[in-house]
Q: 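Got a structure here, written out as structure tokens. Questions coming.
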Amino acid sequence: MSLFRPCIDLHDGKVKQIVGSTLNDSESPETNFVSDKTPEYYAELYKKDNLSGGHIIRLGKGNDEAARRALSAWKNNLQLGGGINSANAREWLDAGASQVIVTSAVFRDGIIDYEELDKLCYAVPSDRLVLDLSCRKADGKYLVVTDRWTRFTECEVNKTLLKRLAGCCSEFLIHAVDVEGKCSGIDVELLKMLADNSPITCVYAGGIRSFEDIYTIEECGAGRIAYTIGSALDIFGGSLSYREIADYSNREK
């Protein structure tokens with residue numbers, strides 16, 4: 001599996017690139033890009049380039065049909081996140097997700113809901129569960145955020161939390177929400193902390209804008225931190241060549 005993990009972000013049933021920190025229930029989010037291509041187009045593109053391990057994220061309601069079409073285009077090779085819990089996780093695995101990604105169901109009311117986590121671990125094998133520890137910085141700490149990255153929890157992303165949760169899942173997905181969608185550069189401090197403290201693979205997202213950022217991720221992560229790129233890619237309206245990234249990733253395998 002490559003270090004580059006492609007993405008398909010769905011909002012109102014369309015493939016979009018959104019500034020993560022602007023997501024909320026009352027206003028339209030700040031949007032960098034709205035694709036005229038279908039979700040399955042992107043899934044088929046990633047399949048052609050053998051870029052497994054990418055993810056589909058449902059940002060709010062109205063995305064189920066689009067997600068199912070994308071999963072069907074490359075079954076058991078794309079992860080699915082957004083609104084996943086112990087009650088529906090198996091349904092999405094049966095629909096073709098390689099793994100399900102969980103945030104809000106586990107980090108509920110600002111703390112870890114261990115009862116729900118236990119239910120998830122019972123419903124889903126650990127190798128098919130990804131925990132989303134996407135975070136924002138507050139008072140010098142990286143705190144997990146939920147509900148489409150709008151609500152802070154009390155859970156600090158640090159060595160203790162990473163070690164505690166590593167036995168429950170196959171990897172962590174971690175958006176650096178403060179830089180997500182801004183193409184303004186990566187959060188090196190967060191990357192170094194993850195590389196030093198996570199017992200399992202982390203998939204980093206947020207601010208990647210150039211090959212120099214990719215090289216920094218690889219150097220900081222010593223091959224243990226994968227990455228996903230959204231708004232910076234030319235297939236999502238950016239200037240960074242998807243073809244060059246895909247070819248580079250396949251060479252690095």
Side-chain angles (χ1 to χ4, degrees), residues 1-9 17-22 30 32-33 46 49-55 57 79 81 101 130-138 140-145 149 156-159 161-163 165-166 169-253:
M1 189 175 292
S2 67
L3 290 181
F4 171 52
R5 308 289 186 85
C7 65
I8 303 173
D9 291 348
Q17 284 297 310
I18 287 171
V19 178
S21 58
T22 68
E30 184 179 337
N32 289 331
F33 177 78
Y46 303 153
D49 290 323
N50 194 30
L51 296 171
S52 59
H55 56 262
I57 301 294
Q79 302 168 357
I101 305 168
V130 174
L131 290 180
D132 186 339
L133 304 184
S134 295
C135 55
R136 301 181 74 176
K137 202 168 188 180
K141 300 177 181 179
Y142 289 101
L143 300 179
V144 174
V145 286
W149 305 329
E156 182 183 356
V157 181
N158 56 20
K159 182 176 183 178
L161 183 70
L162 293 167
K163 184 177 180 180
L165 297 177
C169 59
S170 60
E171 62 187 29
F172 298 123
L173 173 62
I174 304 180
H175 290 78
V177 177
D178 288 323
V179 297
E180 170 69 21
K182 298 181 179 179
C183 300
S184 58
I186 56 179
D187 189 330
V188 176
E189 180 184 352
L190 176 59
L191 281 164
K192 289 181 177 179
M193 187 277 292
L194 296 173
D196 289 342
N197 294 295
S198 180
I200 60 176
T201 298
C202 293
V203 180
Y204 170 87
I208 298 173
R209 58 188 174 180
S210 65
F211 265 98
E212 285 71 24
D213 287 332
I214 292 171
Y215 301 149
T216 299
I217 292 170
E218 293 177 341
E219 182 178 357
C220 289
R224 296 173 54 246
I225 295 183
Y227 57 91
T228 185
I229 310 172
S231 297
L233 289 179
D234 55 4
I235 59 172
F236 297 128
S239 59
L240 192 57
S241 168
Y242 164 80
R243 174 51 46 211
E244 290 182 8
I245 297 292
D247 290 347
Y248 172 77
S249 178
N250 282 318
R251 288 196 303 269
E252 291 300 294
K253 286 179 184 179

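In what follows, every heavy atom counts, from backbone to side chain, and hydrogens, waters and symmetry copies are set aside. Computed from a predicted structure; not experimentally measured.
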Q: Between V177 and S134, what is the shortest heavy-atom contact and its length?
A: CG2-CB, 4.1 Å

Q: State, with a plain yes or no, whether a side-chain heavy atom of N250 is found less than 4.5 Å away from one of L51.
A: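 N250 reaches L51 side chain to side chain.
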
Q: What distance do I101 atom CD1 and S170 atom OG have between them, rounded to the nearest 0.5 Å?
A: 9.0 Å

Q: Got a second to check how far I186's CD1 is from D213's CG, nearest 0.5 Å?
A: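 One finds 4.5 Å between CD1 of I186 and CG of D213.
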
Q: Rounded to the nearest 0.5 Å, how far does CG of D132 lie from CH2 of W149?
A: 7.5 Å

Q: Would you list the atom pairs, donor with acceptor, under 3.5 Å between side chains in residues 214-222 and any protein atom, with sequence neighbours excluded?
A:
unit_1: T216; atom_1: OG1; unit_2: E212; atom_2: O; d: 3.0
unit_1: E218; atom_1: OE1; unit_2: Y248; atom_2: OH; d: 2.7
unit_1: E218; atom_1: OE2; unit_2: Y248; atom_2: OH; d: 3.1

Q: Tell me if a side-chain donor or acceptor on N197 pairs with a main-chain N or O of N158 at a distance below 3.5 Å.
A: no

Q: Using 4.0 Å as the upper bound for N to carboxylate O, is an ion pair formed by R251 and D247?
A: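 Looking at R251 together with D247, the answer is no, because their closest N to O distance does not fall below 4.0 Å.
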
Q: May I ask you to check whether D187 and Y142 show a side-chain donor-acceptor distance below 3.5 Å?
A: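 The criterion, which ignores hydrogens and geometry beyond distance, is satisfied for Y142 and D187.
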
Q: State the CZ-CG distance between R5 and L173, to the nearest 0.5 angstrom.
A: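 That separation rounds to 9.5 Å.
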
Q: Mark yes or no for whether R224, through its side chain, and A195, through its backbone, hold a donor-acceptor pair below 3.5 Å.
A: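 Yes, R224 side chain to A195 backbone: donor-acceptor pair under 3.5 Å.
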
Q: How long is the gap from CG on L190 to SG on C202, to the nearest 0.5 Å?
A: 8.5 Å

Q: Which residues pass the salt bridge (charged side-chain N to carboxylate O under 4.0 Å, His left out) test with K137, sequence neighbours left out?
A: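 By the salt bridge (charged side-chain N to carboxylate O under 4.0 Å, His left out) rule, K137 matches E189.
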
Q: For residues R243 and I235, determine if any side-chain heavy atom of one lies less than 4.5 Å from a side-chain heavy atom of the other.
A: no

Q: Looking at every heavy atom in both G230 and F236, which two are closest together, and how far apart are they?
A: O-CD1, 3.2 Å

Q: Please check: side-chain N/O of Y227 versus main-chain N/O of G206, any donor-acceptor pairing under 3.5 Å?
A: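 No, Y227 side chain to G206 backbone: no donor-acceptor pair under 3.5 Å.
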
Q: Below 4.5 Å, heavy atoms only, C-beta onward: do F172 and V157 meet side chain to side chain?
A: no

Q: T228 and C7: which non-hydrogen atoms are nearest, and at how many Å?
A: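 For T228 versus C7, the nearest heavy atoms are OG1-CB, 3.6 Å.
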
Q: Please determine if D196 and K159 form a salt bridge, counting it only when a charged side-chain N lies under 4.0 Å from a carboxylate O.
A: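 No.
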
Q: Mind checking the CG-CD1 spacing from L194 to I200? Nearest 0.5 Å is all I need.
A: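 Nearest 0.5 Å value for the CG-CD1 distance: 11.0 Å.
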
Q: Is a donor on one side and an acceptor on the other found under 3.5 Å between the side chain of S198 and the backbone of L162?
A: no

Q: Would you mind reporting whether I229 and Y242 have side-chain heavy atoms less than 4.5 Å apart?
A: no

Q: Answer whether the closest heavy-atom distance between the side chains of V130 and C169 falls below 4.5 Å.
A: no

Q: Is there side-chain contact between E156 and L161, with heavy atoms separated by less than 4.5 Å?
A: no

Q: Going through the distances and angles, do I174 and C135 end up as a side chain to side chain contact (heavy atoms under 4.5 Å, CB included)?
A: CA-CA 7 Å; I174 304 180; C135 55; 4.1 Å; yes

Q: Does R136 reach the main-chain N or O of D178 with its side chain, forming a donor-acceptor pair under 3.5 Å?
A: no

Q: Compare all side-chain heavy atoms of Y46 with those of I8 and state whether any distance is below 4.5 angstrom.
A: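 Side chain of Y46 against side chain of I8, heavy atoms only: contact under 4.5 Å found.
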
Q: Would you call the rings of H175 and H55 parallel, tilted or perpendicular, where under 30° means parallel and over 60° means perpendicular?
A: perpendicular

